[in-house]
Amino acid sequence: MKIIAGNWKMNGSVGALGEMTGRLAAVKTKNKVILCVPYTMLGVKSNKVVNIGAQDISVHNRGAYTGEVSGAMLAEMGVKYVLVGHSERRMYHDETNDIVRAKAERALENGITPIICVGETLDEKRAGKTLKIIETEVRESVPEEVRGNIIVAYEPRWAIGAGLTPTAQEIADAHKSIADTLSYMGLDGTPILYGASVNENNVGDIVSIKNVSGVLVGVASLKSDEFIPIIKNAK
Ligand code: PGA
């Protein structure tokens, strides 16, 4: 069983998601499929194949925080998964590891599995700091006490939406480093997804790499013609 998570970012519509979930309902797969969508689409129901998830969660529980959505509100919508610390949140909304950890904690408190994203920038990669950066991000972004489930996603920032992927060895090294760090934190067995430029042609090779439990898919999750072959080829 692999985990295939899609991230629609700020794309799509209620209608498009309804069509996608309808198509996914007919797919025969043992994989766990998650689609993280904008808040406005969370009313679209999950089905036996796909779980509808969110892309963000507030660090606050309630109160005067205009525009924020709390963990309890997500849980009320039936949300079981939420992305936290996606690189676009870290980049455009200045989310630090401390903020990401607080968001993951709010998710866990509400019975929601956070998908905690980590990954290095191009400058960090060029400086040979990839493993150091992702180890620090995992140590600081994963809650100290995990009651419930978490998922970690390794997304090299330079490869997202760029049609670029690291080499198989680079993915293997990054995932081993994350697995070792999680093990040190007492979180052996935590699923670790790879994300950035995953498509139907490379997914089979990527999920066969050691310590890769599945994938997080951006642009290729938007069209059922691209997303369904990814689900089928991930084994
Ligand atoms: P991509 O995005 O698959 O379009 O590279 C991945 C992501 O940002 O989660």
Side-chain angles (χ1 to χ4, degrees), residues 2-12 16-17 20 24 31-39 41 50-57 79 81-95 97 99-100 103-104 107 112-122 124-125 130 133-134 137-138 141 150-168 170-171 174-175 178 190-207 209 212-234:
K2 298 290 179 185
I3 299 170
I4 313 300
N7 172 12
W8 272 23
K9 310 190 181 187
M10 199 173 72
N11 295 295
L17 182 59
M20 174 67 94
L24 289 174
N31 292 333
K32 178 179 277 301
V33 182
I34 302 163
L35 260 185
C36 296
V37 299
Y39 289 137
M41 299 170 204
V50 62
N51 291 277
I52 300 300
Q55 300 175 355
D56 193 20
I57 179 172
V79 166
Y81 300 89
V82 63
L83 295 174
V84 294
H86 188 277
S87 66
E88 286 148 21
R89 301 290 317 171
R90 291 177 184 265
M91 225 182 333
Y92 305 134
H93 302 273
D94 298 326
E95 290 194 7
N97 291 334
I99 293 174
V100 175
K103 290 186 171 193
I112 298 169
T113 299
I115 303 174
I116 303 168
C117 305
V118 300
E120 82 284 7
T121 64
L122 187 56
E124 290 161 350
K125 176 182 166 59
T130 299
I133 291 289
I134 57 183
E137 287 191 343
V138 170
S141 305
I150 64 164
I151 296 172
V152 171
Y154 169 57
E155 295 207 305
R157 293 201 204 179
W158 51 272
I160 292 175
L164 300 169
T165 49
T167 64
E170 285 171 332
I171 296 176
H175 279 247
I178 293 169
T190 297
I192 307 168
L193 312 184
Y194 167 79
S197 303
V198 174
N199 59 46
E200 62 183 288
N201 299 316
N202 62 19
V203 69
D205 287 340
I206 290 171
V207 297
I209 297 170
V212 175
S213 323
V215 288
L216 178 53
V217 187
V219 68
S221 70
L222 287 168
K223 294 198 187 119
S224 52
D225 290 354
E226 294 179 35
F227 194 45
I228 290 172
I230 290 175
I231 296 167
K232 290 192 169 156
N233 293 347

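For the single chain, residues carry numbers from 1 onward in sequence order. Just so you know, ligand 1 is whichever comes first in the structure, and atom 1 is the first atom listed for that ligand.
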Contacts of Lys2 that satisfy salt bridge (charged side-chain N to carboxylate O under 4.0 Å, His left out) - sequence neighbours left out: none
Pair Arg157 + Glu124: basic N to acidic O under 4.0 Å: no
Pair Glu120-Trp158, side-chain donor/acceptor within less than 3.5 Å: yes
Residue pair Lys125, Glu170: steps toward the salt bridge (Lys or Arg N to Asp or Glu O under 4.0 Å) verdict: CA-CA 11 Å; Lys125 176 182 166 59; Glu170 285 171 332; 2.7 Å; yes
Atom indices of ligand 1 within 4.0 angstrom of Gly161 heavy atoms, with elements: 1 (P), 4 (O), 5 (O)
Ligand 1 atoms in contact with Leu216 (distance to a heavy atom under 4.0 Å): 9 (O)
The one among Lys9, Glu88, Arg157, Gln55 that brings a heavy atom closest to atom 8 (O) of ligand 1: Lys9
Numbering as shown, the atoms of ligand 1 that approach Glu155 to under 4.0 Å (heavy-atom distance): 6 (C), 7 (C), 8 (O), 9 (O)
Side-chain donor or acceptor of Tyr39 paired with backbone N/O of Asp56 under 3.5 Å: yes
contact_flag Ser197 ligand 1 heavy-atom lt 4.0 Å: yes
All salt bridge (charged side-chain N to carboxylate O under 4.0 Å, His left out) counterparts of Lys9, not counting sequence neighbours: Glu88
Atoms in ligand 1 flagged as close to Ala196, the criterion being non-hydrogen separation under 4.0 Å: 5 (O)
Sub-4.0 Å atoms of ligand 1 with respect to non-hydrogen atoms of Asn7: 9 (O)
Ligand 1 versus Val219: contacting region, heavy-atom distance under 4.0 Å: both
Protein heavy atom at shortest distance from atom 3 (O) of ligand 1: Gly218 N, 2.8 Å
Mutual orientation of the aromatic rings belonging to His175 and Tyr154 [parallel < 30°, tilted 30-60°, perpendicular > 60°]: perpendicular
